[in-house]
Amino acid sequence: MDAFVIEGGRPVSGRFEVHGSKNAALPMLAAALLTDGPLELSDVPKLQDIQNMLRLLAELGVEIDEPDDGPGLRAGGRTIRTRVTDASQSHARYDIVRTMRAGVCVLGPMLARRGEARISMPGGCAIGPRPIDLHLKGLAALGASVSLSNGDVIAKAPAGGLRGATVFLGGPFGSTVLGTANIMSAATLARGRTVIESAACEPEIVDLGRLLISMGARISGLGTPRIVVDGVAELGGATRRIMPDRIEAGTYAMAAAMTGGELTIANWPVDALLGPFEMLRAAGLEVELGEHEPLDTPGGDPIRTTAFVRRTERLRPIELTTQPFPGFPTDLQAQALAMLTLADGNSIITEKIFPERFLHVAELMRMGARIIRHGPTAVVSGVPKLVGAPVMASDLRASAGLVLAGLAARGQTVVRRVYHLDRGYQRMDEYLTGLGAKIERVKEEALEELAVPV
Ligand code: EPU
């Protein structure tokens with residue numbers, strides 16, 4: 001296992017280009033199962049979760065043309081081509097799905113196109129229970145029979161295929177992002193009209209919807225809580241550039257703000273980050289956007305620009321609640337909480353999507369942060385300085401929060417188990433080094449030899 005050894009206190013400054021979005025790419029790759037035609041997706045990030053999805057698709061009979069992206073750091077340009085060559089397999093096995101919860105994305109497409117899908121039931125994960133009841137409820141509404149056998153969910157379409165229906169996807173914590181992806185994808189090939197009520201409005205769902213439309217699907221209402229899908233007999237091939245990763249963009253912006261750096265961030269997803277950065281402005285983060293298309297441009301493609309990010313004064317405390325889009329994303333909560341440990345006063349952070357998602361709190365406290373957690377709320381009393389310490393990464397975004405804290409802290413921080421981080425951030429250590437940070441990737445076994453405190 002790898003660890004990062006970070007010498008903190010150096011500003012993160014320079015120019016960074018945001019990669020394609022992991023969470024848009026995963027369901028878009030799964031959409032390959034909906035057609036015999038070729039799909040060509042560009043800006044596919046090279047991440048562990050994506051590689052696992054490609055492995056899963058290959059097992060399900062998808063031929064994948066994946067160029068070698070060669071040495072050096074390049075953001076754009078990785079184009080992946082897929083085409084189904086064998087549709088006989090419909091079982092997504094446990095040993096792949098357990099490595100990546102997003103394996104559940106193949107459920108809807110496989111059921112719609114192959115009439116049956118068997119997928120190992122995803123378990124919980126470090127951020128709390130991760131049920132898929134809403135996915136299953138939606139597929140059942142489209143006529144599928146759903147059963148559980150030996151830890152696998154087995155969904156079967158009725159004779160004559162799935163049929164359109166009204167599906168309500170609201171759950172105790174709002175809609176479901178991947179559930180919406182699954183039902184919308186399945187409905188493209190169902191007979192008749194499907195109305196998804198309480199659909200997720202996340203930009204990644206809009207991006208997926210636009211890919212499906214270019215494959216021939218009939219979808220309206222993307223980006224709103226009511227998505228209407230009129231089923232078609234078949235879908236064809238398509239080409240699409242994946243939207244920029246709003247979470248990666250936000251994480252690097254906060255790295256600059258926490259370390260007192262100045263960062264120019266290219267491929268910044270303007271419309272996907274408007275709300276969250278309005279909130280972070282209140283904390284003292286300055287974001288200047290470059291020229292970009294007006295927000296009401298028809299067509300719905302992501303609006304990209306270059307953002308210039310910095311902070312000129314000490315960070316100010318804020319109240320922040322995670323919410324479904326366009327609210328503050330849960331996937332930026334750990335990073336924002338890490339940042340607010342250095343604010344001048346008390347911040348209140350409430351997690352409304354995954355109420356247990358606070359594994360970073362105890363680790364940040366080892367670095368001198370002052371945090372009190374009550375259920376889904378954390379009260380963060382800002383301190384003037386964090387101090388380096390050995391800490392343990394526990395999930396993807398918590399790891400990012402710890403890396404940010406390490407960059408800003410005085411002294412050395414060792415973040416163990418960065419495989420969590422590698423699931424969602426492409427070569428973060430190398431990019432940060434290029435931006436002035438002192439951060440080294442080492443094997444955990446080497447830490448003792450290096451006499452690093454653990
Ligand atoms: N939920 C249910 N029942 C369901 C599905 C979800 O109760 O059937 C609950 C969940 O337990 C949670 C809430 O609804 O409390 C929202 O979960 P959602 O289904 O929207 O999450 P997801 O689709 O599994 C995606 C992202 C997550 C991100 C969430 C919320 C991908 C691959 N994953 O997960 O990203 O946190 O939406 O925005 O798109 C990450 O990238 O670090 C990550 C965890």
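Here, residue 1 is the first one in the sequence, and each next residue gets the next number. In listed order, ligands and their atoms are each counted from 1.
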Yes or no: does [X] have any heavy atom under 4.0 Å from an atom of ligand 1?
X	answer
Pro131	yes
Gln323	no
Arg423	no
Lys137	no

Atom indices of ligand 1 within 4.0 angstrom of [X] heavy atoms, with elements:
X	answer
Leu396	42 (O)
Asp331	27 (C), 28 (C), 35 (O), 36 (O), 40 (C), 41 (O), 42 (O), 43 (C), 44 (C)
Arg101	24 (O)
Lys22	40 (C), 41 (O)
Phe173	13 (C), 15 (O)
His135	8 (O)

salt_bridge([X], [Y]) N-O dist < 4.0 Å:
X	Y	answer
Arg416	Glu444	yes
Lys22	Glu248	no
Asp43	Arg240	no
Asp2	Lys443	yes
Asp331	Arg246	no
Glu40	Arg81	yes

State whether the shortest distance between N or O atoms of [X] and N or O atoms of ligand 1 falls below 3.5 angstrom.
X	result
Glu202	no
Val177	yes
Leu26	no

Determine whether the side chain, the backbone, both or neither of Ile353 has a heavy atom under 4.0 Å from any heavy atom of ligand 1. both
I need the contact type for Arg357 against ligand 1. Using non-hydrogen atoms and a strict under-4.0 Å cut-off, is it side chain, backbone, both or neither? side chain
Check each of [options] against [atom] and report the one with the nearest heavy atom.
atom	options	result
atom 34 (O) of ligand 1	Glu204, Met53, Arg130, Lys352	Arg130
atom 19 (O) of ligand 1	Ile132, Thr176, Thr330, Asn23	Thr176
atom 14 (O) of ligand 1	Ala102, Ser175, Gly171, Pro324	Ser175

Just by distance, with hydrogens left out, do Thr322 and Gln333 show a side-chain donor and acceptor under 3.5 Å apart? no
Is there a donor-acceptor contact under 3.5 Å linking the side chains of Thr350 and Thr377? yes
Ring pair (Phe, Tyr, Trp, His ring centres under 6.0 Å) filter on Phe16, not counting sequence neighbours, yields Tyr252, Tyr431
Here's a test for you: under side chain to side chain contact (heavy atoms under 4.5 Å, CB included), which of Leu41, Leu39, Leu33 qualifies with Thr82? Leu39
Between side-chain atoms of residues 390-398 and protein atoms elsewhere (two or more places apart, or another chain), which donor-acceptor pairs fall under 3.5 Å?
from   : atom 1 : to     : atom 2 : distance (Å)
Asp395 : OD1    : Arg397 : N      : 3.1
Arg397 : NH1    : Tyr425 : OH     : 3.2

